[in-house]
Amino acid sequence: MLVVAALLITVAASGFFGLQYWQERRAANLAQERNREVLETLERLKTIIADVEAQRRGYLLTLDPHYLKAYGVSDESVRRDAQALQTLVASDPLQSHRAGHLAETVAAKLREIDEIVKTVRTYSGPAAMAMIRSLDEIRSQIDQMVDHERFLRVDLEKRSEALERRKAWLVTTALIIVAVLAGVALALARREAVRRRKAIVENIALQGDVLARDKKIRRLVDANIVGVIFWELDGRILEANDAFLKMLGYDREDLTSGRVNRTDLTPPEWRLRDLQTVAELKRMRTAQPFEKEYFRKDGSRVPVLVGGTMLEQDQDQGVGFVLDLTERKRAEEALRQSEERFRTLVQFSFDVYWETDAQHRFTLQEFAESLADAPAPGSEIGKTRWEVPYLEPDEEAWRKHRETLDAHLPFRDFELARAGPDGSKRYVSVSGLPVFDKAGSFVGYRGVGRHITERRRAEEALRAMQAELAHANRVTAMGQLSASIAHEVNQPIAATVTNAQAALRWLRAQPPDLKEVRDSLDRIVEDGKRAGNVIGGIRALIHKVPPRKDWFDLREAILEMVGLTRSEALKHGISMHTRPAAALPLIQGDRTQLQQVILNLILNAIEAMGELDDGNRELWISTETAAEAGVLVTVRDSGPGLAPTDMETVFKAFYTTKPRGMGMGLAICRSMVEAHGGRMWASANEPRGAVFQFTLPLQRDESVPAQQLEPNSAA
């Protein structure tokens, strides 16, 4: 114990003297460095003073601005070096006084030079130079300071030599102490070796366990499943696996150079949370996982989940586990945006979003804020759609709808009508998709609903308006055809009278010719049927007959309209030609409406050609079958035709090229054709005129045989 105490005292004394030497050595180095900087500053100042004097003389003698520009730079350098000199010698009272006096002298001299430079143009160059006193006083002061600093350098060199001798003495003493300590350590080591041999066997077993545990930890770290870091409480990261470095964009070189620090990696808003974690680690030795952010090397951020614990063998070091949450955050953000887009879509596109369970009971209903008559929240939850009081549809429609639901099929635009607060009907269109879980089991429906009350009312109003316009169009057309109608009706009536008179003459003959009488009566019957057909067609056109879906011969319907307008065409000198298809299938639709379309096209053509002064006036009506379109009907005239810009415009409502036209005829014709599933368009005829065509789909009913009818005699 005494030996150890003596050695410790010796070591302490050596350390004290060593510390004293180090402090004196450091002070001497600083003094030498200051002395060197002062001398350099003085030499530089002396050089700049010489430059100032040379530039001053050059400018006063030549008045060259280049000298003045260089003089300004040197002037600023003199002032700056004078101030720097005062700072360097602040610790030396004598030199500090000299530096202050030198700075004042330099400032006065420079002011004097500035004044003369400003007024140099009022004097001659030599006269101005004579007004400036020499700068030798400044050089003298600089030389005094230089001599003082050189004396100081000699003294500093002597102190350095004394310190070097002390250093040699300290090194020798240290070597002696080390030798003594080595001898003592050797003796203690021999004694300790005996004790350690006994503990080695025990330590081997413990070390085996530690190595096994370290291998497991190292395997976890090297697996790079999550980021693993070893850190100190002050923020320094000692070690990290590749998963952590890759997560933040760093490499091993960054880690070994110390550029990866936990505090620097943490954004400012998370540092308070880190301080709380450090306090938790000091208190409880472990920190529960929490979310935060780290800076990547490129400056971007990465969301992470961090947890850590202190190492048992060290009070300031610990291990942390870092999990990258980028994908999870991205998925959460995508889900949030998807929900917002979906909610926005529902809010702006539909009036209600709903969900049902496997028994078709409502589990969720979200109504749009703009829906005025929405049910009370939760009033229909737990009920099926058919348990809510609806007015429509009927039982059969409900049965088919429930069959669709039980079959777990999607449905679209299932229309319902429910009573409104004022007793009126509120129409709703419902669509839904079945929902299945991961195992493929049906769990319910998810869908939307839209109030279509206004649309239904608008559709009903539109249908009523179209019916009124169609009726007005038919009545207008019949007014124009009154002369033709009278002519067509008078023909079968006159023929009937003629045949009746002939039958009477054959009866008065002696003997009566009964065969001729029978033939006359047959002709009377045919003329009566013909007159009845004409009257029936006119009645259907005039009266608002509801639309019908009958099978009829389109060729026969066209020939009837041709016969009805024949006299009107002859009055305007127009030749009418028909070219019906040889075998035309039956068409299903409203015969009256389609005859109105044909009648409108024929009358438009007659009116257009009636305005021509010369040239041939021909009207062709033809039918043919098309493979894809069905039946094609063409009305071709040789009138003035249409402008290229009017090919589509003529079908718009209230657009007309006639002085007294309503602009509704062709619009109604197109709507009728499209209501039958067809299409209508216009084009130019060659060499002149217009062509109007429309198609009708074939919906052949095999139970109704096609009939080959002879053309009407009116054709």
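In this text the structure is predicted, and so the values were computed from the model without any measurement. As a basis for the values below, the full set of heavy atoms in this structure was taken, side chains included, without hydrogen atoms, waters or symmetry mates.
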Expected output: side-chain S638 to main-chain E618 donor-acceptor under 3.5 Å: yes

May I ask you to check whether over 12 heavy atoms, not counting those of [X], lie within 6.0 Å of atom [atom1]?
X    : atom1 : result
D522 : CG    : yes
E395 : CD    : no
R579 : CZ    : no

Ring-face cation of R402 near W398 (centre distance under 6.0 Å, axis angle within 45°): no

Over-ring placement of R385 relative to W354, 6.0 Å and 45° cut-offs: yes

Presence of salt bridge, R555 and E560, under 4.0 angstrom: no

Residues in salt bridge (Lys or Arg N to Asp or Glu O under 4.0 Å) contact with R455, at least two apart in sequence or another chain: E415, E459

Ring-plane angle category for [X] and [Y], please: parallel below 30°, perpendicular beyond 60°, tilted otherwise.
X    : Y    : value
F442 : H408 : parallel
F692 : F651 : perpendicular
H401 : F414 : parallel

Atom pair CG/CZ of D413 and R450 - distance to nearest 0.5 Å: 6.0 Å

Ring centre gap for F367 and Y353 strictly below 6.0 Å: no

side-chain hydrogen bond (donor to acceptor under 3.5 Å, both in side chains) involving K515 - partner list, sequence neighbours excluded: D519

